[in-house]
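Lettering follows sequence order; numbering is per chain, from 1. For the numbers below, each heavy atom of this structure counts, side chains included, while hydrogens, waters and symmetry mates do not.
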There are 2 protein chains.
Amino acid sequence: MARPREFDTTEVLSKAMDYFWKYGYEGASMQELVKHVGIKAQSLYNTYGGKRDLFFAALKHYVNQSTAVHTLEHTSSGKEAIARVFRDLLADLARSDRTRGCFINNTCVELAPHDSEIADFIEKERIRLERAYYLALARAKEQGEINERYQDLMALARYLNNAQGGLMVTAKTVTDMTVLEDIVGVTLSIFD
Amino acid sequence: MARPREFDTTEVLSKAMDYFWKYGYEGASMQELVKHVGIKAQSLYNTYGGKRDLFFAALKHYVNQSTAVHTLEHTSSGKEAIARVFRDLLADLARSDRTRGCFINNTCVELAPHDSEIADFIEKERIRLERAYYLALARAKEQGEINERYQDLMALARYLNNAQGGLMVTAKTVTDMTVLEDIVGVTLSIFD
DNA sequence: TTTATTTTTTAATGATTGTTCAATAATATG
DNA sequence: CATATTATTGAACAATCATTAAAAAATAAA
């Protein structure tokens, strides 16, 4: 009935995500982003709406392709699941560009204070990760992997979530991987 | 010899800090900032230089008026010094606007990847705080306040610094203070 | 009081911002 | 093939951006 789209929707979204992830919302200009994603401005506005809509879509795309929750849910040992999340994080930080940080955290810092809808989305993501940590901790407890002096598993989950978020911010300026390894080492020492 | 300045230099700088702290660098417009600080644009440019110069000056002003390092250095008990830093942090978060977060952390997220001079400044600040934590931990160790299974005091200092940074990011979306209290509780439980 | 120097004021600068207009091109269905 | 519908193209839009030009105002020293 009509002319078909010539680009892959999620491919362009992924490129837009890369750009916003690197430059943030205010730091990104649509004219530069247009060059980066490889389609013309009008096509972009037709398919995704305005800048904020595209940004929000990119943010949702980010959480869909992130792996922490999946790792926490699909590793049988609770303690090992948590350790693996942090191990994977360190491996990523050693491999890729550390300065990009976590897109969710970046957005939390930049936009959450000025966009309540995005703030709500981020808070729900935080709770989703918190729950995943909690369930892994509950499994760990059943398996006798939790030191008895820690009774409040929800507090532990929040603590781990916080450490993870902190790590992605700390990694933005730190060049020495030892710093990040030290942080993870002590963070996970509560299991010893 | 010449016409005297009609405004207080550090007073205006403090107002500029408030504005940049709230809106970030890219999110802040000079025309709005001018209204907020109460002097005309030309006076602003005469005294502080361009937008980035003013922002950098505001950031330096922020670290000069921050209290964590001072608290760590001027509390005799090392353990108590560290506990007090986190207690003060929680009190601040309960009292004032949580969404502002920490100006250094905000800037670390927004600008560190694109401005190496600012990244260097932030990294030096991180190291300064890390050292303050380390010295407090060394005092704590002398006073027998450190569990013997923790030998690497620098790793502990980095861990505490990371938890503090994470807390300021987490606080941006969290409305329930219990979450933040849980985080601090578990973070400091390594001393038990 | 005159002069030299600097601040303040008002208005404007060119560049860049996000977004859209108008025209052309490409498809599916009738 | 003709038509309806949507995608792409290239140029343009008003608004806002950081910054500054030019003139008036205020002071200290001569």
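If you take CZ of A:R3 and P of D:dT6, they are 14 Å apart, rounded to a whole angstrom. To the nearest angstrom, C1' of C:dT19 lies 13 Å from CG of A:L54. Protein atom CZ of B:F7 is 15 Å distant from nucleotide atom P of C:dT6, rounded to whole Å. One can place CD of B:Q42 at 8 Å from C1' of D:dA21, the figure rounded to the nearest angstrom. To the nearest angstrom, P of C:dT19 lies 11 Å from CZ of A:R52. Counting to the nearest Å, the P atom of D:dA7 and the OH atom of A:Y48 are 12 Å from each other.
Under the 6.0 Å distance and 45° angle rule, B:K60 counts as a cation-pi partner of B:F56.
When each of B:Y48, B:F103, B:F121 is checked for a ring pair (Phe, Tyr, Trp, His ring centres under 6.0 Å) with B:F55, only B:F103 meets the rule. Only one option out of A:V186, A:V184, A:L180, A:T178 pairs with B:R158 in a side chain to side chain contact (heavy atoms under 4.5 Å, CB included); it is A:T178.
Between A:N161 and A:R126, some side-chain heavy-atom pair lies under the 4.5 Å cut-off.
Near DNA chain C, meaning a heavy atom under 4.0 Å from it, residues 24-31 of chain B has no residue at all. Heavy-atom distances under 4.0 Å link DNA chain C to B:K40 of residues 32-41 of chain B, given in residue order.
The shortest distance between the side-chain N/O atoms of A:Y45 and the OP1/OP2 oxygens of C:dT19 is below 4.0 Å.
Ionic pairing of B:K35 and B:E32 is present here: one or more N-O contacts between side-chain nitrogen and carboxylate oxygen are shorter than 4.0 angstrom. Between A:R87 and A:E80 there is a salt bridge, with a side-chain nitrogen of the basic residue lying less than 4.0 Å from a carboxylate oxygen of the acidic one.
Heavy-atom nearest nucleotides on DNA chain D were determined for B:K51 and for A:E6, and the one closer to the 5' end corresponds to A:E6.
A side-chain donor from one of B:S189 and A:Y150 sits under 3.5 Å from a side-chain acceptor of the other. Under the 3.5 Å distance criterion, with hydrogens and angles disregarded, a donor-acceptor pair is assigned to the side chains of A:Q164 and A:Y133.
Nearest to the side-chain atoms of A:R5 among the listed nucleotides D:dA18, C:dT19, D:dT8 stands D:dT8. The nucleotide whose nearest atom lies closest to any side-chain atom of B:N46 is, among D:dT5, C:dT6, C:dT8, C:dT8. Considering only side-chain atoms of B:S43, the nucleotide from C:dT5, C:dT9, C:dT19 that sits closest is C:dT9.
Heavy atoms of other residues, nucleotides or ligands lying less than 6.0 angstrom from CZ of B:R131 number 12 at most.
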